[in-house]
Undergrad: 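Before I ask anything, let me first share the structure, which is written out below as structure tokens.
Just so we're clear, the structure is a prediction, and the values are computed from it rather than from any experiment.
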Amino acid sequence: MKTPAPPASLRPAAPDMLPPRKYKQIAGWIVLIAVLVACSIRTDVTPYQLIVGLPQMGSLLQEMFPPDWSYLPTIWGPMMETVQVAILGTTLGGLLAVPAALLCASNLRISRFVSVPARMLLNLVRTIPDLLFAAIFVAVFGIGPFAGMLALVFFSFGIIAKLTFEAIEAIDPGPLEAMSAVGANRLQIIMYAVVPQALPYFMSYLLYTFEVNVRAAAVLGLVGAGGIGLLLDRSLGLFRYDRAAVIILLTLAIVLVIDYASTIIRRKLL
């Protein structure tokens, strides 16, 4: 008596046959590699250019070291100005981001006539680079830290509002439904159901944006928006790479301190 053959679904796959998921992974890698190669050819970015430029990079690093530490007292004031501009820009942008995030959050049942324009405004703000904002405000208000601060306000507003309203949409809906069931108004729901859940995330995004803004504020000076960027642009223009190295190292030290402090604060909040 012959034993019946097992169903096709229980038969082992042939060694030369790959599951459909494996084919999708291979196809995905092929598409990714093809896109990278096409972009490299189109933009003329090749490993050969990197190899050819390495000696010149080495020469530049040699000119940066040893740094001119006597330049440190000159740059300390503008560096503190850069940090202060970042603090003001991040704080004001974060405050403006709170109502915008509440208007954009879909789970708060805001009218589409309000939420859709608010989201379009956020998309528009995030589309414009911070350097373009700085150039516009420099043209309007003149060279100085005020233009840089305004650029960081808009930059911070776009980032924090986007991340915060996505965090609000991801909160536990239970407290919102419970307060709605007992007749709480929209303001009470926001104060007692949304804020306690979203506040730690908002503070985390605020601190992260502050770290980014310290670096951005240093770059904004290149277009005349005040701060340490003006001295960095001047040092590079005069080929004083030893002074530029001091500016870079001081910026690195301050960013590391801010990053360490922000990490501690985030852990306590979350």
Undergrad: Side chain to side chain contact (heavy atoms under 4.5 Å, CB included) for Tyr205 and Thr164? Distances and angles first, verdict last.
TA: CA-CA 8 Å; Tyr205 301 145; Thr164 302; 3.9 Å; yes

Undergrad: Hey, does Asp242 have a side-chain heavy atom less than 4.5 Å from the side chain of Pro67?
TA: no

Undergrad: Among Thr91, Thr90, Leu92, which one satisfies side-chain contact (heavy atoms from CB on, under 4.5 Å) with Val153?
TA: Leu92

Undergrad: Over all heavy atoms of both residues, which pair between Leu103 and Ser115 is shortest? Give the atoms and the distance, please.
TA: O-CB, 3.2 Å

Undergrad: Do Phe210 and Ile258 have side chains that get closer than 4.5 Å, going by heavy atoms?
TA: yes

Undergrad: Grouping I, L, V, M, F, W and Y whenever their side-chain heavy atoms are under 4.5 Å apart, do Val246 and Met80 come out in a common cluster?
TA: yes

Undergrad: Please check if the side chain of Glu211 supplies one atom and the backbone of Val255 the other of a donor-acceptor pair under 3.5 Å.
TA: no

Undergrad: Start with the C-alpha distance between Phe157 and Leu95, add both sets of side-chain angles, then the distance that settles side chain to side chain contact (heavy atoms under 4.5 Å, CB included), and finish with yes or no.
TA: CA-CA 8 Å; Phe157 167 75; Leu95 292 176; over 6 Å; no

Undergrad: Counting C-beta onward and ignoring hydrogens, is there a side-chain heavy-atom pair between Ile254 and Met79 closer than 4.5 Å?
TA: yes

Undergrad: Are the side chains of Leu231 and Tyr71 in touch, meaning some heavy atoms are under 4.5 Å apart?
TA: yes

Undergrad: For Val37, enumerate each residue passing the side chain to side chain contact (heavy atoms under 4.5 Å, CB included) test, keeping only those at least two apart in sequence or located in another chain.
TA: Ile33, Ile41

Undergrad: Look only at the side chain of Ser40 and the backbone of Leu36, and say whether a donor-acceptor pair between them is shorter than 3.5 Å.
TA: no

Undergrad: Quick check: closest heavy atoms across Gln197 and Asp172, and the distance to 0.1 Å?
TA: OE1-N, 3.0 Å

Undergrad: Measure across Pro196 and Pro200 and return the closest heavy-atom pair with its distance rounded to 0.1 Å.
TA: O-CD, 3.6 Å

Undergrad: Minimum heavy-atom separation for Ile189 and Ser180, please, with both atom names.
TA: CD1-OG, 3.3 Å

Undergrad: Is it possible for you to say whether Val114 and Val98 belong to one hydrophobic cluster, with membership spreading through side-chain heavy-atom contacts below 4.5 Å?
TA: yes

Undergrad: To the nearest 0.5 Å, what is the distance between CG on Leu176 and OH on Tyr192?
TA: 14.5 Å

Undergrad: Do Val85 and Val257 share a hydrophobic cluster (ILVMFWY, side-chain heavy atoms under 4.5 Å, transitive)?
TA: no

Undergrad: Hey, what do you get for CG (Leu199) to CZ (Phe202), rounding to the nearest 0.5 Å?
TA: 7.5 Å

Undergrad: Is the centre of the Phe137 ring less than 6.0 Å from the centre of the Phe146 ring?
TA: no

Undergrad: Does some side-chain heavy atom of Phe154 sit less than 4.5 Å from a side-chain heavy atom of Leu96?
TA: no

Undergrad: Return the CG to CZ distance between Leu249 and Phe65, rounded to the nearest 0.5 Å.
TA: 5.5 Å

Undergrad: For Leu206 and Gly94, which heavy atoms make the closest approach, and how far apart are they?
TA: CD1-CA, 4.0 Å

Undergrad: When rounded to the nearest 0.5 angstrom, what distance separates OG1 in Thr82 from CG in Leu250?
TA: 9.5 Å

Undergrad: How many angstroms lie between CD1 in Ile247 and CD1 in Ile228, if you round to the nearest 0.5 Å?
TA: 4.5 Å

Undergrad: Is there a side-chain contact between Tyr241 and Leu236 (heavy atoms, below 4.5 Å)?
TA: yes

Undergrad: Between OG of Ser235 and CG of Asp68, what distance do you get to the nearest 0.5 Å?
TA: 9.0 Å

Undergrad: Side chains of Pro117 and Leu121: closer than 4.5 Å at any heavy-atom pair?
TA: no

Undergrad: What pair of heavy atoms forms the shortest contact from Ala216 to Asp130, and how long is it?
TA: CB-OD2, 3.6 Å

Undergrad: With the 4.5 Å side-chain cut-off for hydrophobic clustering, are Leu131 and Val140 part of the same group?
TA: yes

Undergrad: Salt-bridge test for Arg119 and Glu169: reply yes if a basic N is under 4.0 Å from a carboxylate O, no otherwise.
TA: yes

Undergrad: Going only through I, L, V, M, F, W and Y residues with side-chain contacts under 4.5 Å, is there a path from Leu252 to Trp69?
TA: no

Undergrad: Taking the side chain as every heavy atom from C-beta outward, state whether Pro145 and Met149 have any pair of such atoms under 4.5 Å apart.
TA: no

